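Here is the structure we will look at.
These numbers were taken from a predicted model, which means no experiment stands behind them.
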Amino acid sequence: MANYTREEILSMAEEEDVEFIRLQFTDMFGTMRNIAITSSQLEKALNNECMFDALPLEGFAVEDGTDMYLHPDLDSFVILPWRPQQGKVARMICDVYKADGTPYECCSRGILKRCIAQAREMGYEFYAGPRCEFFLFQTDEEGQPTNQTPERAGYFDLGPIDMGENARRDIVLTLEDMGFRVESSYHEVAPGQHEIDFHRAKGLESADSVMTFKFAVRTIARRHGLHATFMPKPKTGVSGSGMHLNFALYDREGRNIFRNNEDPLGLSQEAYYFIGGILKHISGMSAITNPLVNSYKRLVPGFEAPLYEAWSAHKKNSLIRIPAAKGGHKEIELRSPDPAANPYLALAICLMAGIDGIQNKILPPAPVDQEMDSICEEEKGKLGIMALPSTLREAITAMEEDPFIRTVLGDAFVDRYVEAKKSEWKEYMLQVSDWEVDQYLYRI
């Protein structure tokens, strides 16, 4: 992100002929919302005077007050490259504030900012590198999304087998126009599945980048007549989409505190504690990192998705993996989250779980460097290897049973989030699936 002043934004908007500005914010479930204003209202927005009625949005309640204010982050100002070149459209990412001028406690971006500030007070600078997978599917004759693709491409295939190559190229170029440092892009394992990796960044910028990335991917896909989805498991029998999270902590002098060249795995004592903290709280965190009923259709055997609370230096189906060091950078990869997760909440809860591990010196169990499928259940029990939640209902229960989650997200947030997710689970349980009809209708 750039480092803009209020005057620079007003000047750029005038010089670049910006007519509309989207004031974007993210609700508790990770859905991007926005209010569009004209350039004549930009000064008002920069004065934090743009108000909206929050009550119709899920997660807000009467006791919050119906009027909320959007405080734009000046550094997030960017002109959207896919909009008209005359009468351009820009955007700014905003925090939600209450009418009395205080931060709204259930603003997910605000929650991450609070966690980063706490880490900074302890001498830690948090860096993250999310890697989102997604599918490009066809649309029907009415332009509505399907989960169908005519291609049969697989891992690292190229055009013409990879029929989404042109769309992916345009997505990458658009992201670079918006200031992203794209490291690589490629076709993933399943037909129609793709991944674009961008450079790691400080925690807040990283979460902002995920929201912008998803917004841009969907927009450019639509221009190619395709539908981009970040649904964790949109089709039976193929790999689901993950959002692997890579973490690192730096000290005030800019040194990576996870790195220790004397350790066999290159990890410092703080890195081991960080892993221990995440493993301690991973079940309670799962309703955040894997927030949908559909999320748990991805966490099943046979598709390299993690199923157990175990870590490894190298195994790809482990919950936590240690990627090879790049230069002086050493990081920890958490592989269970999926791209339906609210990135602000996912990074906040992972950061604080890791710091809890450091503060309380929580050592992880020994790494498991063999395939989990090759270990019998009895042996897993002896090793203390527990299964991750296998349904959203189990994840909600685990969240309620871990008081640490409330210390990070706040009572009001957790109460509303749990209520919404219980309602989602109840609605799911009322449905009769095609699988049930196919299996039982004709023979029972």
- prompt: Of the non-hydrogen atoms in Y69 and F52, which two are nearest, and what is the gap between them?
  reply: N-CE2, 4.4 Å
task: Would you confirm whether E151, through its side chain, and G192, through its main-chain N or O, come within 3.5 Å as a donor-acceptor pair?
output: yes
task: Give a yes or no answer on whether the side chain of E333 reaches the backbone of R321 with a donor-acceptor pair at less than 3.5 Å.
output: no
- prompt: Backbone N or O of G240 within a donor-acceptor pair of the Q193 side chain at under 3.5 Å?
  reply: yes
message: Looking at K235, is its backbone amide N or carbonyl O close enough to the side chain of N147 to form a donor-acceptor pair, meaning the two atoms are under 3.5 Å apart?
response: no
- prompt: Residues two or more places apart in sequence or in another chain: which of them pass ring-ring contact (aromatic ring centres under 6.0 Å, His included) with Y186?
  reply: F156
message: D162: which residues meet the side chain to side chain donor-acceptor pair (under 3.5 Å) condition with it, sequence neighbours left out?
response: R168
- request: Anything under 30° is parallel, anything over 60° is perpendicular, the rest tilted; go ahead and classify W82 against F215.
  value: perpendicular
message: If you compare all heavy atoms of C94 against all heavy atoms of P72, which two are closest, and at what distance to 0.1 Å?
response: SG-CA, 3.7 Å
task: For E427, look at atom CD and say whether over 12 heavy atoms of other residues, nucleotides or ligands are found less than 6.0 Å away.
output: no
task: Report the C-alpha separation of D170 and R223 in whole Å, then their side-chain angles, then the decisive distance to 0.1 Å, and conclude whether the salt bridge (charged side-chain N to carboxylate O under 4.0 Å, His left out) test is met.
output: CA-CA 10 Å; D170 284 356; R223 293 165 72 93; over 6 Å; no
query: Got a sec: does the CD of E419 have more than 12 other heavy atoms crowding it under 6.0 Å?
result: no
message: Does the plane of the ring in W425 sit parallel, tilted or perpendicular to the ring in Y428? Use 30° and 60° as the thresholds.
response: tilted
query: Under 6.0 Å from the CZ atom of R169, do we count more than 12 heavy atoms belonging to anything else shown?
result: yes
task: Determine the minimum heavy-atom distance between R114 and Y104, stating which atoms define it.
output: NH1-O, 4.5 Å
task: Working to the nearest 0.5 Å, report the span between CG of L46 and CG of L74.
output: 6.0 Å
- request: Kindly say whether I257 contributes a backbone atom to a donor-acceptor pair with the side chain of S268 at under 3.5 angstrom?
  value: yes
Residues in salt bridge (charged side-chain N to carboxylate O under 4.0 Å, His left out) contact with E253, at least two apart in sequence or another chain: R255
task: Identify, with sequence neighbours excluded, every residue that meets side chain to side chain donor-acceptor pair (under 3.5 Å) alongside R298.
output: none
- prompt: Hey, which of D338, T391, T289 is the one that makes side chain to side chain donor-acceptor pair (under 3.5 Å) with S295?
  reply: D338
- prompt: Hey, are R393 and T397 close enough side-chain-wise for a donor-acceptor pair under 3.5 Å?
  reply: yes
task: Hey, could you give me the NZ/NZ distance between K422 and K426, rounded to the nearest 0.5 Å?
output: 11.5 Å
message: So for atom CE, which belongs to M122, do other residues, nucleotides or ligands contribute more than 12 heavy atoms lying within a distance under 6.0 Å?
response: yes
field: Side chain N256, main chain K330, donor-acceptor under 3.5 Å
entry: yes
message: Give me the atom names and distance for the closest heavy-atom approach of C350 to L245.
response: SG-CD1, 4.2 Å
message: Please find the pair of heavy atoms, one from M399 and one from A287, that lie closest to each other, and give the distance.
response: CE-CB, 4.1 Å
- prompt: Ion pair present between E424 and K421, side-chain N to carboxylate O less than 4.0 angstrom?
  reply: yes
message: Donor-acceptor check, side chain of D402 to backbone of M285, threshold 3.5 angstrom: yes or no?
response: no
- request: Could you pull out all residues at least two apart from E331 that satisfy side chain to side chain donor-acceptor pair (under 3.5 Å)?
  value: H329
- request: Answer yes or no: is there an ion pair linking D415 with R406, defined by an N-O contact shorter than 4.0 Å?
  value: yes
query: Any chance the side chains of Y127 and N246 put a donor and an acceptor closer than 3.5 Å?
result: no
- line: Exactly one of D27, D95, N342 clears side chain to side chain donor-acceptor pair (under 3.5 Å) with S108, and that residue is N342
message: Any donor-acceptor pair under 3.5 Å linking the side-chain atoms of S283 with those of E309?
response: yes
- line: Between D208 and the options K202, K214, R109, the salt bridge (charged side-chain N to carboxylate O under 4.0 Å, His left out) test singles out R109
query: Can you list every ring-ring contact (aromatic ring centres under 6.0 Å, His included) pair that touches residues 384-411, not counting sequence neighbours?
result: H281-F404
